[in-house]
2 protein chains.
Amino acid sequence: MRPGPRRSLTHAEILEAAFDLLEAKGFAAVSVRGVAGSLGITPTALYTYYPSKRALLRGMIEHLLARLEVSAAEGDKPVEVAGASTVDGVRARLVHVALALRELLTGHAGALELIMSGPLDGPNAMRLNEALLESFTASGLALDDAARAAHALQAYALGSIALESAEVDVEADAATSEPPLMTDVPGAALWTDLARFPLSEQSAAVAAQRSSTAQFVWGVERLLDGLLARG
Amino acid sequence: MRPGPRRSLTHAEILEAAFDLLEAKGFAAVSVRGVAGSLGITPTALYTYYPSKRALLRGMIEHLLARLEVSAAEGDKPVEVAGASTVDGVRARLVHVALALRELLTGHAGALELIMSGPLDGPNAMRLNEALLESFTASGLALDDAARAAHALQAYALGSIALESAEVDVEADAATSEPPLMTDVPGAALWTDLARFPLSEQSAAVAAQRSSTAQFVWGVERLLDGLLARG
DNA sequence: ACCTGAACACCGTTCAAGT
DNA sequence: ACCTGAACACCGTTCAAGT
């Protein structure tokens, strides 16, 4: 179509190859050499498109967040309660955005490491932030408080997802069964001494369900309780 | 003192060297080769003490969390309000623990990456969890809810610290002034088009203060509002 | 039992050279 | 203008060999 492309690759093609690698072999496989290799070019040729690996990762984060559903699409969750339908709808939208972020990051292997690998300051991260600000101001918060609330909700969501994925990792390790690691670190001898932590032991059943969507939403709801409280 | 040490090093000495490296040169410098080199031994000798780099990092996490002040030390914050002094004291303790965790992780360069590099399931992580469970049950929550609340608070704290440190990174990068990265990624042309995000622009002043302790505590307080709410 | 040296299969990045 | 090849200074991990 074009008179003749100066470059053999588009950024979109490079990012696609990078995500294929991420999905297939995990975050560690997304190396400059690996991405270049899967595109049939030399590692140094990739530096023509991105000035550093960090820049490549930033491009990937943007590409990922572009798929985040953030707008106030109707029919998400019809409000059935009579009365303050607007506020309830806004609240449902906030929960929806948090859940969408969680699904985006738990759906792609290595996506969390990607997000955590750099600051969230690209246009799509700002789109997310703007959507949260809209929702919080729409539910009656002053702009300053809305900004703090948006930040708090993002912090909870990212931290929650990070804790989840760390626990998934340990389940995967359980198969290889690492040795108990009895070291001379203070307290390390008690590694499996659950009796020292009676409440943790008793609540083990709940702890086992931490990776569930319900747990995530429960936390979002409690945070929103605090953030949206008035009078 | 001892009849004759079989090993030339203790785990404590190795961890100390590893933390010196972490503090001095950041997380990337904490390599098997780097730690071994700073101890005057060969990389392979380190595998006598830790079976993998991952095991070394787990040891470091435990070492770090051992320094976390988690107990109900008196005089932290004398309750001045008459009335429900116990509950207020418990709440103050929760804020205190969250702040202590934040100071621990922002105080040591690379400590967050360390924490995020694996699951939080060592004895000192359990000590933290147990302390949170005690506080939440003491303020009237059922054990199930207390477990969920403890998890939510840890999620918020870790996520908040992660967002902070990512922003610190970008400030450091501002000096080297990376090019604006005009790519053909959808939306990337709007990278600096703040006008598209009016609320984000207006609240930029608040956003600039995100790395403050006050912002962190505000979020903890709002979360606790939701978690501790009754009737 | 502890440690070394050599090796394997990787990294991100730079730079002179080709077309 | 785009790309290659060689090189630099690194990784984590394994394994035979020494003491």
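In what follows, every chain begins at residue 1, and chains take the letters A, B, ... in the order their sequences are listed.
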Report the residues that fulfil side chain to side chain contact (heavy atoms under 4.5 Å, CB included) with [X], sequence neighbours left out, ordered by chain and then residue number.
X      : answer
B:E23  : B:H108
A:A98  : A:F216, A:V220
A:S31  : A:R33
A:E134 : A:R93, A:E130, B:L199

Determine whether a donor-acceptor pair (N or O, by modelled atom type, separation under 3.5 Å) exists between the side chain of [X] and the backbone of [Y].
X      : Y      : result
A:R58  : A:G122 : no
B:S212 : B:Q215 : yes
B:Y50  : B:G59  : no

Kindly compute the distance separating CG (B:L94) from CZ (B:F136), expressed to the nearest 0.5 Å.
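If I round to the nearest 0.5 Å, the distance is 4.5 Å.
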CG on A:L105 to CG on A:L112, rounded to 0.5 Å:
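With rounding to 0.5 Å, CG (A:L112) is 6.0 Å from CG (A:L105).
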Test side-chain contact (heavy atoms from CB on, under 4.5 Å) on A:L120 and A:L65; report intermediate values, then the result.
CA-CA 10 Å; A:L120 284 172; A:L65 288 182; 4.0 Å; yes
Could you list by number each residue of residues 17-27 of chain A showing a heavy-atom separation from DNA chain C of less than 4.0 Å, or answer none if no residue does?
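Hits under 4.0 Å, by residue number: none.
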First encountered from the 5' end of DNA chain C, between A:V30 and B:T42:
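The 5'-side residue here is B:T42.
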Determine the Euclidean distance between corresponding P atoms of C:dC10 and D:dA9; express it in Å to zero decimal places.
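Going atom to atom, P in each nucleotide, I get 22 Å.
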Tell me, what's DNA chain D's dot-bracket, Watson-Crick or G-U with both distances under 3.5 Å, | for other-strand, [ ] crossing?
||.|||||...|||||.||
To the nearest Å, give me how far apart [atom1] ([X]) and [atom2] ([N]) are.
X     : N     : atom1 : atom2 : answer
A:L46 : D:dG5 : CG    : P     : 15 Å
A:Y49 : D:dC2 : OH    : P     : 7 Å
B:I14 : C:dC2 : CD1   : C1'   : 12 Å
B:I41 : C:dT4 : CD1   : P     : 7 Å

Under the ring pair (Phe, Tyr, Trp, His ring centres under 6.0 Å) rule, what pairs show up with a residue in residues 16-44 of chain B, not counting sequence neighbours?
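Only B:F19-B:H63 qualify under ring pair (Phe, Tyr, Trp, His ring centres under 6.0 Å).
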Nearest to side-chain heavy atoms of A:S31, which nucleotide of C:dC11, D:dT4, C:dC3
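Minimum distance to the A:S31 side chain belongs to C:dC11.
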Per-nucleotide protein contact string for nucleotides 13-19 of chain D (B base, S sugar-phosphate only, - none; heavy atom under 4.0 Å):
BBB----
